[in-house]
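Here it is: the structure, laid out below.
Bear in mind that the values here come from a model prediction, so they are computed numbers and not experimental data. This chain uses plain numbering: 1 for the first residue, then up along the sequence.
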Amino acid sequence: MTAYFVLKLLHVIGAAVLLGTGAGIAFFMLMAHLSGKPAVIAGVTRIVVLADFLFTATAVVAQPVTGFLLVRTVGYAMQEAWIVGSIALYILTGLFWLPVVWMQMRMRDLAAIAVRERSELPEAYRRLFRWWFAFGFPAFAAVLAIFWLMITRPQTWSAMI
């Protein structure tokens, strides 16, 4: 096995983890929210926050490391359009993901309080969920665009548009 193969394998696995964990978290959070049950929401958000820290955060760190090492190993220039585009989209994704993690932790806490107090979910929870939902679309679209760039590797900016 070559270093290139190992790096590429790790990079693809990291990308799959980011896409898969993101899609899975979105699905489970939506289903919990639609239940309207504070106990379900508290339990699911507790697991989702853990999954984000275990899987997503690990992949978030691994992706730029393996990507940079792949660029060096293959001999690509960091200024190539598809690499610059991928990095920009990766940063954009992170700008949406970081607040989402905070929102998930806050929604978890609000749902846990509602369970403890045997009360309804507060308006703050509903507001956070709307923001969480809205932030998911550009982040998910950016990840899909990164996949497209990694697969097609357009050589010019005009080829990307």
Margin query: Using the ring centroid of each side chain, check whether Phe135 and Trp132 are separated by less than 6.0 Å.
Written below: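 Ring centres of Trp132 and Phe135 not closer than 6.0 Å.
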Check: Do Tyr125 and His33 have ring centres separated by under 6.0 Å?
Finding: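 Yes.
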Next item on the list: Nearest 0.5 Å please: distance from the CE atom of Met31 over to the CZ atom of Phe27.
Entry: 5.0 Å
Checklist line | Contacts of Gln79 that satisfy side-chain hydrogen bond (donor to acceptor under 3.5 Å, both in side chains) - sequence neighbours left out | finding: none
Checklist line | Sequence-distant partners of Lys37, side-chain hydrogen bond (donor to acceptor under 3.5 Å, both in side chains), two or more places apart | finding: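 With neighbours one apart ignored, the set is empty.
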Next item on the list: Return the minimal non-hydrogen interatomic distance between Thr45 and Gln104, and the atom names on each side.
Entry: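 What the structure gives for the nearest pair is CB-O, 4.2 Å.
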Checklist line | Partners passing ring pair (Phe, Tyr, Trp, His ring centres under 6.0 Å) against Phe147 (at least two apart in sequence or in another chain) | finding: none
Margin query: Looking at every heavy atom in both Leu149 and Gly85, which two are closest together, and how far apart are they?
Written below: CD1-C, 3.7 Å
Notebook entry, point to check: Excluding sequence neighbours, so at least two apart, what forms side-chain hydrogen bond (donor to acceptor under 3.5 Å, both in side chains) with Arg153?
Noted result: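 Tyr76.
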Note to self: Can you list everything that forms a side chain to side chain contact (heavy atoms under 4.5 Å, CB included) with Phe5? Sequence neighbours excluded, please.
What the structure shows: Met1, Thr2, Leu9
Notebook entry, point to check: What pairs meet the salt bridge (charged side-chain N to carboxylate O under 4.0 Å, His left out) rule with one or both residues in residues 113-138, with sequence neighbours excluded?
Noted result: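 Listed once each, the pairs are Glu123-Arg130.
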Check: What's the shortest heavy-atom distance between Val84 and Met78, and which atoms?
Finding: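 Closest heavy-atom pair between Val84 and Met78: CG2-O, 3.4 Å.
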Margin query: Minimum heavy-atom separation for Leu10 and Gln63, please, with both atom names.
Written below: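 Closest pair (atom of Leu10, atom of Gln63, distance): O-OE1, 4.0 Å.
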Next item on the list: Ignoring hydrogens and angles, tell me if any N or O in the side chain of Tyr90 forms a donor-acceptor pair with the backbone of Val60 under 3.5 Å.
Entry: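 Confirmed, Tyr90 side chain pairs with Val60 backbone.
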Check: side chain to side chain contact (heavy atoms under 4.5 Å, CB included) with Ser35: which of Val40, Val44, Leu30?
Finding: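 Passing option: Val40.
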Check: Does atom CZ of Phe96 have more than 12 heavy-atom neighbours, drawn from other residues, nucleotides or ligands, at distances under 6.0 Å?
Finding: yes
